Amino acid sequence: MSKTYICTAIPYVNGNPHIGHAVDYLQADAYARFSRAIGNEVRYQVGTDEHGNKVYGKAQESGLTVETYTSQNSQKFRDFIEKLGISFTDFVRTTDPDHVRRCQEIWRRLEDHIYSAEYEGWYCEGCENFVTQKEFDENHGICPDHQKPYQKLSEKNYYLRIADFKTEVRRRIEKNELRILPEFRKQEVLKLLADAPDVSISRPVGQLSWGVPVPDDNSQVMYVWLDALSNYITVLGYPDEAKKDDFSAWWPATAQFIGKDILRFHAIIWPAILLGLGLELPKTIVAHGYVLSDGQKMSKSLGNVVDPIAVLDRYGLEAFRYYFLRHVDAFADSDFSWEKYDNAYNNELANDLGNLVQRLATLCAKNQIPGGTLLNLDDNEYIDLMRAFESTKAFNYVWQKVQDINKAIDEAKPWVLAKEQRTVELAQVMQDLVAKLLSVAVLLEPFLPQTAEKIITIFTASEILPPTTPLFPKNLESRQR
RNA sequence: CGCGGGAUAGAGCAGUCCGGUAGCUCGUUUGGCUCAUAACCAAAAGGUCGUUGGUUCAAAUCCAACUCCCGCAACCA
């Protein structure tokens, strides 16, 4: 049995779970479930990123200790992940003492590629933060929040020498040893890589106190990258000697699922860190697009942010998974609107699939057709699509099969056979239809695990009976948005 | 000239690499069926494939120029 390790980006805990996080988890989950179905042993990491000034500030605002605040927020994400039916195996928190300790050891091992230098930039005393040149220009040199001019300030930072790894990272990406999907993003990364600067990986404690202390320099704290990115390996126990065998059994990751906004960090800084440690690079990085709200990017200022919990509450988990795995493309930006969501639920889930289960089960019950047997996943076209991380296409392929069964029922006209008492023929036809639906249920499992389970239960029973309540009930107009 | 993506039926998209009757889903219209959640099945209507020019027997597809949208540019998922 081969081992599959799947990673998702760890969200920053200064806010609530967002639709975008759900896309990470669902895509990774579909892949994880698929991997298990074809006989692999799977480890699937999720977690939370908890250091940094923003979190620290939020904690103070809410009058909580930073430990309490991060614990509460981390738990929110954990609840969310569980609500989505995600089959993760490991949950990592960057404030976890094991992570912190391992992270410091990683820093030590990278020391040959780390140097200290002065960072000079525009600083606002009110914000206690540097701003980019662009921001400085846009605000004409004055902080809009504090009405104070920015000051030129310099501070000591440690830097990771990206230059040491550029050639090798480029080679790995070009040769698809580190595969970046979708293909057009690979081109983007290669362009960015050409003039990627060294990256700052620390801040003075005065600037940033809530973070992992830099080893052997108590005036500095690690900045987000080294801390957060390391989670993918610290969760496996790296670099503890005691965990060595376990780590090498799982690493490198088969796939890392992230949003397009953080691709540059995962495709440049992260590989550089790994090369610096003498480790393998992940096999594939899958960068999905954004979920738009009515065609526009979700933003607080536009007020069009869609709360995933509200979506989840409307029709339940399976409908949520259905929409975000089939109508949100695996790679491109996709749109969400309540109208589309309602359409997908009513016309596709309820009419195509829900109704199919209902009509076929009723036909079986009326004609005393016994349940069928469940076979293993062996559809090569489907397997190829899933292996290529084309989950949307794979799901479409499954749906085509759902529609084909509806068609097959119409063509076979079992109700005519029953009326004419052609019982042998009828039993033959019905058993064939049941077998087809069961094979679809197997293909459906990575996307809609609960629904697949229900279908399997109904159609493998010794006596097939229609579900007492439809799988996807309609007439829900009384429900609130 | 910062980098990249896109423009195809009312909507959302595939097809473009390897030119050859323009396809899918939803919506609309009509017909069929009655096992089923007023569900299912079939058929039809609907497109100058962003613009202009070029190559070719033939261009959504190749080439050139242009227009318009949208992302990204060291902590916004």
Side-chain angles (χ1 to χ4, degrees), chain A residues 9 11-12 14-15 17-24 49 51-55 119 121 129-130 132-134 162 182-185 187-192 194-201 208 223-225 228 258-265 268-269 288-292 295-301 305 308 326-327 329 332-335 337 339-340 343-344 346-367 392-393 396 399-400 403 405-419 430 433 466-467 469-475:
Chain A
Y12 197 50
N14 67 339
H18 189 281
I19 288 273
H21 301 124
V23 176
D24 272 14
D49 176 19
H51 288 125
N53 279 338
K54 275 189 187 164
V55 160
Y119 174 85
N129 235 336
F130 283 95
T132 59
Q133 187 63 44
K134 185 192 169 193
I162 296 293
E183 187 70 21
F184 68 84
R185 298 247 177 253
Q187 301 309 328
E188 219 173 285
V189 167
L190 287 172
K191 284 261 163 54
L192 282 171
D195 39 28
D198 289 347
V199 58
S200 162
I201 53 169
L208 171 74
Y223 185 56
V224 59
W225 305 124
I258 59 168
K260 66 179 184 181
D261 54 313
I262 50 174
L263 175 60
R264 51 179 49 217
F265 313 118
I268 298 173
I269 302 175
H288 64 76
Y290 280 157
V291 177
L292 309 177
Q296 281 186 301
K297 188 172 171 176
M298 289 187 205
S299 78
K300 281 179 188 157
S301 48
V305 177
R326 178 145 188 253
H327 292 293
D329 190 83
D333 287 357
S334 305
D335 194 37
S337 71
E339 194 191 345
K340 283 179 182 166
N343 254 330
N346 288 314
N347 296 327
E348 298 169 20
L349 270 179
N351 291 353
D352 287 350
L353 181 60
N355 181 56
L356 169 62
V357 168
Q358 202 73 25
R359 71 192 292 212
L360 192 56
T362 306
L363 278 168
C364 287
K366 285 188 177 171
N367 298 297
T392 315
K393 285 186 180 154
N396 285 338
W399 214 258
Q400 186 59 53
Q403 292 172 324
I405 299 176
N406 269 322
K407 235 169 265 190
I409 295 178
D410 270 70
E411 279 163 16
K413 299 191 196 342
W415 51 91
V416 172
L417 300 181
K419 201 174 283 176
M430 290 304 298
L433 290 168
T469 49
L471 259 55
F472 302 102
K474 296 215 285 190
N475 302 320

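Predicted model only: the values in this text are computed from it and were never measured. Convention: sequence-line order gives letters A, B, ...; per-chain numbering from 1.
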Chemist: In whole angstrom, what separates A:Glu348's CD from B:C24's C1'?
Modeler: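 After rounding, the reported distance stands at 12 Å.
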
Chemist: For A:Tyr290, enumerate each residue passing the ring-ring contact (aromatic ring centres under 6.0 Å, His included) test, keeping only those at least two apart in sequence or located in another chain.
Modeler: none

Chemist: What protein N or O atoms touch nucleotides 31-35 of chain B N or O atoms at under 3.5 angstrom, if any, and at what distances?
Modeler:
| from | atom 1 | to | atom 2 | distance (Å) |
| --- | --- | --- | --- | --- |
| B:C35 | O3' | A:Lys366 | NZ | 3.3 |
| B:C35 | O2' | A:Arg359 | O | 3.4 |
| B:C35 | O2 | A:Arg359 | NE | 3.0 |
| B:C35 | N3 | A:Arg359 | NE | 3.4 |
| B:C35 | N3 | A:Arg359 | NH2 | 2.6 |
| B:C35 | N4 | A:Arg359 | NH2 | 3.3 |

Chemist: Could you give the distance separating B:G5 and B:A43 at their C1' atoms, to the nearest angstrom?
Modeler: 38 Å

Chemist: Just to verify, what does A:Arg264 make a salt bridge (charged side-chain N to carboxylate O under 4.0 Å, His left out) with, not counting sequence neighbours?
Modeler: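 In terms of salt bridge (charged side-chain N to carboxylate O under 4.0 Å, His left out), with neighbours along the sequence ignored, A:Arg264 is linked to no residue.
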
Chemist: Give me the distances for all protein-to-nucleotides 12-17 of chain B N/O pairs that come in under 3.5 Å?
Modeler:
none

Chemist: For A:Leu292 and for A:Val199, locate the closest nucleotide of RNA chain B by heavy-atom distance; then report the residue assigned to the nucleotide nearer the 5' terminus.
Modeler: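 Closest to the 5' end, via its nearest nucleotide, is A:Val199.
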
Chemist: Using the salt bridge (Lys or Arg N to Asp or Glu O under 4.0 Å) rule, collect all pairs that involve residues 346-362 of chain A, keeping only residues at least two apart or in two chains.
Modeler: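 Listed by first then second residue: A:Arg326-A:Glu348, A:Arg359-A:Asp410.
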
Chemist: Output the rounded distance in Å from CG (A:Leu353) to C1' (B:A39).
Modeler: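 Rounded to whole Å, this separation is 13 Å.
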
Chemist: Please tell me if A:Asn347 has a side-chain N or O lying less than 4.0 Å from either OP1 or OP2 of B:G27.
Modeler: yes

Chemist: Taking the same atom, P, in B:C66 and in B:U29, what whole-Å distance lies between them?
Modeler: 46 Å

Chemist: Strictly under 3.5 Å: I want the nitrogen or oxygen pairs between protein and nucleotides 3-7 of chain B, one per line.
Modeler:
| from | atom 1 | to | atom 2 | distance (Å) |
| --- | --- | --- | --- | --- |
| B:G4 | OP1 | A:Lys191 | NZ | 2.7 |
| B:G4 | O2' | A:Glu188 | OE1 | 3.1 |

